[in-house]
Structure formats: structure tokens, C-alpha cells
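In what follows, every chain begins at residue 1, and chains take the letters A, B, ... in the order their sequences are listed. Every value quoted in this text rests on a predicted model; they were computed, and no experiment measured them.
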2 protein chains.
Amino acid sequence: MSQTTSTRRVTAADIARSLGISRATVGFVLNDTPGQTISEATRTRVLDEAKRLGYRTNIAARALASGRSRIVLLVLPDWPLDFNLRRNIEEASLALDEAGYALITYTPHPTGHSRPLWEKLQPDVVMSMTPFAPGQAESIRAAGVTRLIPDPEAPVGEEYPEEGPVLQVQYLVDLGHRSIAFAGSADPRVADLVALRRRRANDAALALGLPPLPSSDIQLTDASAGDAIDRWREAGVTAIAAYNDDVAAALVGAGLRMGLTLPRDLSVIGHDDTPLASMFEPRLSTISVNTVGLGRYLAGLALSAVENRPLPPAGPELRVALVPRASTAPLG
Amino acid sequence: MSQTTSTRRVTAADIARSLGISRATVGFVLNDTPGQTISEATRTRVLDEAKRLGYRTNIAARALASGRSRIVLLVLPDWPLDFNLRRNIEEASLALDEAGYALITYTPHPTGHSRPLWEKLQPDVVMSMTPFAPGQAESIRAAGVTRLIPDPEAPVGEEYPEEGPVLQVQYLVDLGHRSIAFAGSADPRVADLVALRRRRANDAALALGLPPLPSSDIQLTDASAGDAIDRWREAGVTAIAAYNDDVAAALVGAGLRMGLTLPRDLSVIGHDDTPLASMFEPRLSTISVNTVGLGRYLAGLALSAVENRPLPPAGPELRVALVPRASTAPLG
DNA sequence: GTGAGGAACTAGCGCGCGCAAGTAACGTTT
DNA sequence: AAACGTTACTTGCGCGCGCTAGTTCCTCAC
């Protein structure tokens, strides 16, 4: 093997041999290893030769020798991947990239039978944007992962301060509505978030002197949405705060097909300001959510777990804003 | 190290030592290695002891020793992740899992600066559901990956036979429409697919004796959709075949806000049968696409590339079906 | 002059696995 | 009886890296 062929990978030993120095020196240069002093001349020679020979670190060798895969696995719920979430992922990916880690996103299939990625990849840390599902943390631990974020054993801390439903209810009250319903989603994938938003909507109602809001979880069908509308209107409801824009759209569509005139007969406000909200006729009032900075925060959490770095400052503030459109109107 | 502590991983050597056999034998059992004959008694002892000790293969060691990461990277375009695509991914994941591979999905961020995952993971094969973007194949090759699917150097073969637009046009013609426009999407992420569907719609028009369809790519805004509607109606267009349901919804919403009565004044048909299509008022006619089997096909392609398995049979037939709803009506 | 510390490297083991080449015993065939 | 093939294992090298412990030389302070 006196000549490097184009089919065998270049190793640090090849660089060392080529320059007449030790392989360890090559490694210290390539990793900029703290605590080692390498002359500028040698460092330059190594970096130039690595580039000339087309050296690529063998990540399996590195992982084996160091005991770390440098993979951060981000478990995503089976939610729509919207623009905000995509940006968050890229932010996190970039921050971790700078620290030498690979961010991999993974959405476990709800009824899938494939072995979960945390078993196949042996990541250094597994993060989730929502609390781990029942049994999930145990499965991850059984796969040898010791760093889970959020920590399943930590006391249930403050959740993201979902202020959107508060804004929904306040806006409807400001329009004069006093009998308001909360429409959740029957999709089991988002049950926790639905419950959270329902609770926040009720918090706001209480603070504004209203009784607890009547509430149902609906399927995105005319039948389901129509039933809920019938029940609520019979109870005198004049406005609906919907879990998200899809639920709002299902309600508005069903209401129109039932012969209602919206928003005269019924006001409906959605959440999340998806593109659908501005295409629907009438255009849907909604709540927009700005999650800038969340990705960097998550990356900071991951790095603090694997590298004994300090915890990042408190998470970013989610900014919500009301987007009034034609699906809501003052009462009467 | 005479006693295994709970903090050190269990290795094949531990099993071997415990049973008084060689580590190679342990490996042959755990991998069910072809060409090796191991007694049933020994195999059982090894498997039991591995389970008892909590053995987990060290994937970095395996990758280093075998020269293969057993990772298949699936590059996804920045498209919405709909139900069909999710199912395809799970199918592929399951098929690859059974062969001992990990499927990782990766959507490169359009303006991201993070190092691409094919550099960080050194996958055995990189697959894409669309032709590789300019420069992408080169970047993947530079990262040491030699197996790319589709092969960037292969002659441009048959694309998926997009029959949806044909169905759209045929349906509108069957309703009596003779002046039909094609509405594309201005979203650069889907430019190729828009062009393909436009061409297929024109193929159908030609085959039905119609002239080439007037066509614009619209943003999902009232202004953009409204402009297109104005121009087309002025040219006598009575029906629109839209690239997808979002485009159709933007047109319908804008048309309604312009004071049109749909579908009396204008018929619109979408594509992909998303949930939005059945919530909108009027409910949107559309084309449903059934992609069952595509995931398994992709997995078969990957396995044929890395394991010298035979190529899978021809890809699954995408079944499209017309879903007539209230956004389309006979002319006049 | 001596000793300590720093610069600039080196030698080499270990990480945990895959697997080629090998060994010993036994059974079958010539 | 000898040769061959099969069964059921074993020995041990290599994969490519991280990094500890070490060496040699030089400089500076006392």
C-alpha cells in the first residue's frame, strides 16, 4: 500500500507518513486539542496535507475511540412541520454543527413497528419538544442513552406559557361575546396541547368573570363540526375559540354548509396563523406565534448536557399576536 | 475490571468470558453469520447471556470494523409532510429495519449553513425522492458516498407518470368546459413538480383537441390569485385546474371575495385531496393520489445498492382518482 | 550551574467489533 | 487405512481514531 488509490479512504496515518510526523500530532492539529502545543508551521503543513489528500474523519472510529457519537436526536411529535418549526430546527442544527454535533430529527410513527432511531444510532442525547410519551423515556434509557431532555424525572416545571388561548378569549369578550365555546381537536396526536390550550382558555374566561367554557373535541368533518355547532348554539354560544386553524376551518365550513351566515350568526377564531387561515372565505381570525430563538435554546440545552457547559438562560419568550380577520365580528 | 459495573457497557467479550467461549463465536451467533455452523446449545447460551447482561452492539465499533455505517439517508424536498409521505417513510423504515439498516430523513434547509448530514453521518447510501439539486450530488460524492439514488449520471428515465392533471382536464372537459387554465404555484420549492403537472395538463388538453392552456404561477394571496382570475376570465376561461389544493383554495377564496359565485362563474379543481379540500366552502373538487408501496420500493432500491441484491420490480403504480365536490359544475 | 517549566512533539494502548485463516474431532467415502 | 469433508469452534489482526504518558530540547529564574 505504498500508493494511495482513489478507492481507499485517507487516514490520519497517511498524513503523518507523508509529513514524517506522528499520527498523534495529526490528530491534535485536526481536533485543535486543548492542552497541546503545536507549532504554527506544523499545524499549517498538517491542514494543507489533509486538504490535499482529501482527508475525512472516520466518524465511526472517532465515536468508538471517544465513546461519543456526537449525535443529538430530536424527537418530534407527529405535528405538521410548519415554517416556524423548520426554522427552529435549522437554528438548532447550526448551533450544534458549530460545536461539532449532528442534529437528527425523528418522528416516531404512531403505529410503526420499526426499531426506534435511538436504538439504532446511540445518540449522545435525546431531546423532545414535548414531554416524553409513556414508555418512551424507558425505551430510550434501555437503549443506553442517559441524557434525556426534558428530564423525565424532573418535577413538572413550567410549560410554555401558552398565551394564545388567552388572547382568543379576551378578543371575543372585547367584541362583546359572553357565551364562548372552546373547540378542541379529536386528533390523539395533539391531545396534550389541546388540553393545555383548553385550560388556558378557561383560565382567561375565569379571569374575565365568565363560567367555564363548554368544550368538545371535534374531527375535521362536517358531521362532527356540525354536531358541535348545533349543541353550542342551542346553549346560546355566540363565539368559538378553536384549538387551531384546521379546527376553525372545519367549523366555519360546516357552519356555512348548514346555512349559517358567519360571523353574524357565529364568530370563530383559530390559532397558529397558517396559510389556510387567509385563504378561507371568510378569512379566519387567528393567533400568530413567533418562536424565534427556540432552536438555539434547545441546542444550548443539548450542549449543556453533553459537554458540562452551563445551562442556557431561560428559554425564549413565545410571542403571540392576535390576527383579526373576517370570521369574527362584534356581538349583535 | 473483574466485575461488570452498571456504568460500563457490556461487550461481546463479556459474554464470551462469562460462557467460556471465544468472542468470535459470540459474534457469529449475534449476527447469525452465514457460513458458520454453531450448535443450537451454544447459540442459545449466547443469546440468553446477551439478554441477561443487557448486551447492546456498539454500532461505532461495528461500522469501523465492517466499513459500513448501515445508515440510509433519505433526502426530502422541502414539501409538506402529508399523511401519504409519512406512511411511505414508515414503510421504507420498516423494510430497512428488517435488513438491519437505519433510515434517516433529512430536509436540507434552503438557506441553511449547517454542514449537510451526509457529511456528518457517512451513510452507506443517499436517496432522494426527486432528482438531486444542482451541486448536491457533487457534495454527497465529496463526502465519500458512492451510492446515490437516483443515479445522477443515469439517463433521465421515466418520471412518475403524473396522471392527476390528465384527470383534472378530462373531468373539466366532461363537464363541458372548453376554456381551461392551469394554475401553478410560485413556490420555488416545488417548481419542478409544477412544471411537470403543467405539462401533463397540456398533454391532456392536446389529446382532447384543446389549445395549450393559459397558465400562471400564483402566490397564495388574494392579490396574486385575483389577478390571475381577472386575466383568465377576460380571456373566456370558465374552469381552472390547479397545481394543488392550496392553490385551488387561494383561487376560490379570492374569487369569493371578488364577488364571484362558484362554481357557477368559475369551476376550480385542486390536486392531492388534502384535509383543507373538504373543509373549504365550497368543498373543493380534487385528485387523490395513493402512494402505497412506494416506501417498500425505495427500500428495495437502497438494499440493492448496498447489498448487491437484485433490483426491486418496477416501482408501484401511483393510483390517482377524481374526487368530485362542489367547486366544479357543468358549464352554463 | 542547576532545576523547573514549557514547547513540541512521540509511542503506543485501547475502544469493540468483523471476519479470514486456522484447529481438532468426527464421520463418511474411496 | 487414508483421505476428505463437515462440524464447531478458536486465534488474532485490522479498522481509524482519542488521548495518556512520555521524551527531548530550550529557556528562564534562582
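Within the nucleic acid shown, B:Thr37 comes within 4.0 Å of at least one base atom, counting heavy atoms only. Within the 4.0 angstrom heavy-atom criterion, only backbone atoms of the sugar-phosphate kind lie near A:Thr42; the bases stay farther away.
Residue order along DNA chain C, read from the 5' end via each residue's closest nucleotide, puts A:Ile38 first among B:Arg56 and A:Ile38.
DNA chain D is contacted by A:Arg23, A:Ala24, A:Phe28, A:Asn31 of residues 20-32 of chain A, taking any non-hydrogen atom closer than 4.0 Å.
Listed by chain and residue number, nothing satisfies the side chain to side chain donor-acceptor pair (under 3.5 Å) test with A:Ser304 (two or more places apart in sequence, or in another chain). With sequence neighbours excluded, the residues satisfying side chain to side chain donor-acceptor pair (under 3.5 Å) with B:Arg68 are B:Tyr101. Evaluation of the side chain to side chain donor-acceptor pair (under 3.5 Å) rule for A:Thr11 yields A:Asp14 as partners, not counting sequence neighbours. Every residue meeting the salt bridge (charged side-chain N to carboxylate O under 4.0 Å, His left out) condition with B:Arg52, not counting sequence neighbours, appears here in chain and number order: B:Glu49. Among residues two or more places apart in sequence or in another chain, the side chain to side chain contact (heavy atoms under 4.5 Å, CB included) test is passed with B:Ile59 by A:Gln122, B:Arg62.
Within a 6.0 Å sphere centred on CG of B:Asp192, other residues, nucleotides and ligands contribute 12 heavy atoms or fewer.
Residue pairs that meet the salt bridge (Lys or Arg N to Asp or Glu O under 4.0 Å) test with at least one member in residues 19-40 of chain B, sequence neighbours left out, are B:Asp32-B:Arg43. Contacts classified as salt bridge (Lys or Arg N to Asp or Glu O under 4.0 Å) and involving residues 291-307 of chain B (residues at least two apart or in different chains) are given here: B:Glu307-B:Arg309. Sorted by first and then second residue, the salt bridge (Lys or Arg N to Asp or Glu O under 4.0 Å) pairs involving residues 93-104 of chain B (not counting sequence neighbours) are A:Arg115-B:Asp97, A:Lys120-B:Asp97.
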Donor-acceptor pairs under 3.5 angstrom involving side-chain atoms of residues 133-141 of chain A: please list them, not counting sequence neighbours.
from, atom 1, to, atom 2, distance (Å)
A:Gln136, OE1, A:Ala133, N, 2.9
A:Glu138, OE1, A:Gly135, N, 3.2
A:Ser139, OG, A:Trp118, NE1, 3.0
A:Arg141, NH1, A:Glu153, OE1, 3.1

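The separation between B:Leu64 atom CG and C:dG14 atom P is 17 Å, rounded to whole Å.
With a 3.5 Å limit on both pairing distances and Watson-Crick or G-U wobble geometry required, the stems of 3 or more pairs in DNA chain D span C:1-30 with D:1-30.
Heavy-atom contacts of chain B under 4.0 Å fall on DNA chain D between two terminal nucleotides, which in 5' to 3' order are D:dT7 to D:dG16.
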